[in-house]
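Each ligand, and each atom within it, is numbered from 1 in the order the structure gives. Sequence positions, counted from 1, serve as the residue numbers for this chain. All figures in this text were calculated on a predicted structure; none of them were measured in a lab. Heavy atoms only: backbone and side chains are in, while hydrogens, waters and symmetry mates are out.
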Amino acid sequence: MAGESLIIIGAGLAGLSTGSYAQMNGYRSRIFEHHSKPGGVAATWKRQGYVIEGGIHFLMGHRPGQSAYELYRELGTAQVNTFPDITTYGRFIDESSGRYLDVTTGLDRLADDLKGVSENDTALVSGLVAGVRVMQGRDLTGMALNKPPELTRVWDRLKFVWDLRGLLKYYRGKYARSMGEFVQEVQDPWLRWVLGNMFMPEVPVWFVLMIWGLLADRQLGLLKGGSAGFVRPIEKRYLELGGQVTYRATVEEILVENDRAVGVRLADGSEHRADVVVSAADGYGTIFKMLKGRYLNDKIRDRFSKWELIRPVVMVSFGVAREFNDEPWLSVIKLKQPIKLGQGEINEIIVRIFNYSQEFAPPGKTVVQVLFESEWDFWNELQKDRPRYDDEKQRVATEVLSRLEARYPGIYALVEVTDVATPYTTWRYTLNYRGAYEGWLPTPRVINTAIPRTLPGLSNFYMAGQWIMPGGGVPPVIISGRHVVQILCHRDRKPFQASVP
Ligand SMILES: Cc1cc2nc3c(=O)[nH]c(=O)nc-3n(C[C@H](O)[C@H](O)[C@H](O)COP(=O)(O)OP(=O)(O)OC[C@H]3O[C@@H](n4cnc5c(N)ncnc54)[C@H](O)[C@@H]3O)c2cc1C
């Protein structure tokens, strides 16, 4: 029914997308957001003249030719942003030997560089690079995510398989294994480490080939204005379409009558009713807290008891009073000496240098960020004792800075701002379960699982966002919001419409 009202929980990218497409299709929507600003994990914050980026590393499909780009246009963010092409995906560095390898857009050069590392692995490298060439020029996100599972018919599946012809080899057999498993065949230990750390080692090999394909096609871009510069225009578009957002409004309960979602109750006790409720918030919180675990089936139970979560991260950011003009925007470093943390140790760190835009720091200055995976339980326990938690953050920052000092002598004295975000910080601002900033770990099995946007036995309720799109990522979560509105339009027997402002 046109004019039906929607309550959306969460103003992350999925919630804003759901709201925008709902407004485009004649629904009246309102978002309740826990935090004081939009974006969820796609977060940026200010510290004494510096802008700290806590979210999106690169944008997939930032140029015409990919359907993701059309989404960015529909949501009004492509028009006001410029996304510099990534020409080097990253520099992979071994601190012990001083060796490094750049992963670049030119496939011939990449093939030569990888083969140059190890003569014994040239056949394996040739196989990978051949796979990248097959992935190039394809709109894989558009093909895979065109329709929600609820609206996918046999015909759509057949078409998908047809579109994938030529690629099927990569979705089966050895390229369907996890990258971590695949690299066990690599003979040279350094090359094994580089390839294994190209993304999370659990992702299937084809996923890495797809990313390299996008890189080679110059379809990976950086965000000049950070995550906030990407998100704010989407929030603006939503508001211009007539949507409403209430910030600092945490939903505690989804109100249900006769197995129909009818509204929400907020932490302040106020109740708000609507014809349809969409949760674009954390999956665990939605299903087990807001709905008290009443709408489950074996698949959902299985997911929450057996699937692995994205490992949370610590981000240590420094505002530094110098330029880093010749440094790559991202490096993955295999440490000579691990960093001790809790019961474990950190062997690899990612260093992000925000030297590709003037929006992150005052002139002549730069934000340098070190990111590494860390345990949820460790930080969650520690935060219960605030002074110890703060001391540990300080200790980690000092330790990380000493590593940077070894790479960039003199940096120590030039640090003007230090900011440490832990897995608990991720939870505090976004309520993502156990700090899993992208939801489910996209293993070969999980990444191919289509999760319904509905829950069994509950009508007028839908889910969007990274907890129903395994592995998350900007295009998938935006598409998930579009999917919900496609389902609503289908239910209401009207054509789905999308417009470009
Ligand atoms: C460090 C980092 C790097 C990344 N790099 C990339 C990348 O390079 N490329 C890429 O494509 N993607 C990347 N991502 C992933 C991408 O940013 C996310 O998958 C995506 O933004 C998730 O959007 P979402 O709306 O589904 O979820 P979220 O961003 O988690 O949004 C959910 C929203 O719901 C709100 N909420 C939760 N519970 C409640 C409640 N009870 N009441 C009200 N509101 C609630 C939260 O506050 C939040 O705002 C990265 C993410 C991070 C953190």
Side-chain angles (χ1 to χ4, degrees), residues 7-19 31-44 52-62 68 71-72 86 89-90 141 199-200 211 214 220-223 226-227 230-231 234-235 245-254 264-268 272 277-286 289-291 310-315 317 329-330 350 352 369 371-373 421 423 425-433 435-440 442 463-481:
I7 282 179
I8 299 163
I9 308 167
L13 285 168
L16 291 170
S17 161
T18 310
I31 301 180
F32 290 106
E33 165 55 47
H34 162 73
H35 195 11
S36 56
K37 53 187 182 181
V41 297
T44 305
I52 310 294
E53 170 60 58
I56 306 166
H57 288 190
F58 55 73
L59 194 62
M60 291 175 270
H62 68 291
L71 299 175
Y72 309 148
I86 293 184
Y89 175 74
T141 316
F199 209 83
M200 293 155 203
I211 295 283
L214 290 170
L220 289 186
L222 293 167
L223 301 177
S227 291
F230 184 73
V231 170
I234 302 181
E235 183 210 37
V245 193
T246 309
Y247 291 105
R248 296 195 175 88
T250 308
V251 173
E252 276 196 349
E253 186 179 348
I254 295 170
V264 294
R265 203 187 66 248
L266 305 186
D268 66 7
H272 305 266
V277 176
V278 180
S279 178
D282 165 56
Y284 180 86
T286 300
K289 291 189 172 168
M290 296 180 223
L291 286 166
I310 291 270
R311 288 177 292 274
V313 287
V314 169
M315 285 180 253
S317 306
W329 73 280
L330 183 138
I350 292 177
R352 282 170 89 181
Q369 181 180 78
L371 178 150
F372 50 85
E373 293 178 347
T425 316
T426 303
W427 179 83
R428 194 152 69 92
Y429 288 109
T430 70
L431 300 180
N432 274 293
Y433 186 45
Y437 64 92
E438 284 188 29
W440 306 111
M463 285 180 74
Q466 56 191 4
W467 291 89
I468 54 139
M469 304 300 270
V474 175
V477 306
I478 289 180
I479 290 176
S480 74

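- Partners of Ala42 according to the side-chain contact (heavy atoms from CB on, under 4.5 Å) rule, which considers only residues two or more places apart in sequence or in another chain, are Leu13, Ile56, Ser227, Val231.
- Glu252 pairs by the side chain to side chain donor-acceptor pair (under 3.5 Å) definition with nothing, not counting sequence neighbours.
- The number of heavy atoms from other shown groups lying within 6.0 Å of CH2 (Trp427) does not exceed 12.
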N/O contact list for ligand 1, threshold under 3.5 Å:
unit_1	atom_1	unit_2	atom_2	d
ligand 1	5 (N)	His57	N	3.2
ligand 1	8 (O)	His57	N	3.1
ligand 1	8 (O)	Phe58	N	2.8
ligand 1	8 (O)	Phe58	O	3.2
ligand 1	9 (N)	Phe58	O	2.9
ligand 1	11 (O)	Val474	N	2.8
ligand 1	14 (N)	Glu438	OE2	3.2
ligand 1	19 (O)	Gln466	OE1	2.8
ligand 1	19 (O)	Gly473	N	2.9
ligand 1	25 (O)	Leu13	N	3.2
ligand 1	25 (O)	Ala14	N	2.9
ligand 1	26 (O)	Gln466	N	2.9
ligand 1	29 (O)	Val41	N	2.8
ligand 1	30 (O)	Asn432	ND2	2.8
ligand 1	41 (N)	Val251	O	2.9
ligand 1	42 (N)	Val251	N	2.9
ligand 1	44 (N)	His34	N	3.1
ligand 1	47 (O)	Glu33	OE2	2.6
ligand 1	47 (O)	Tyr429	O	3.4
ligand 1	49 (O)	Glu33	OE1	2.7
ligand 1	49 (O)	Glu33	OE2	3.1

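- Residue Arg248 qualifies as open at atom CZ: its count of foreign heavy atoms under 6.0 Å is 12 or below.
- For His35 and Tyr247, the ring centers are positioned 6.0 Å apart or more.
- The salt bridge (charged side-chain N to carboxylate O under 4.0 Å, His left out) search around Arg311 returns Glu202, Glu373, not counting sequence neighbours.
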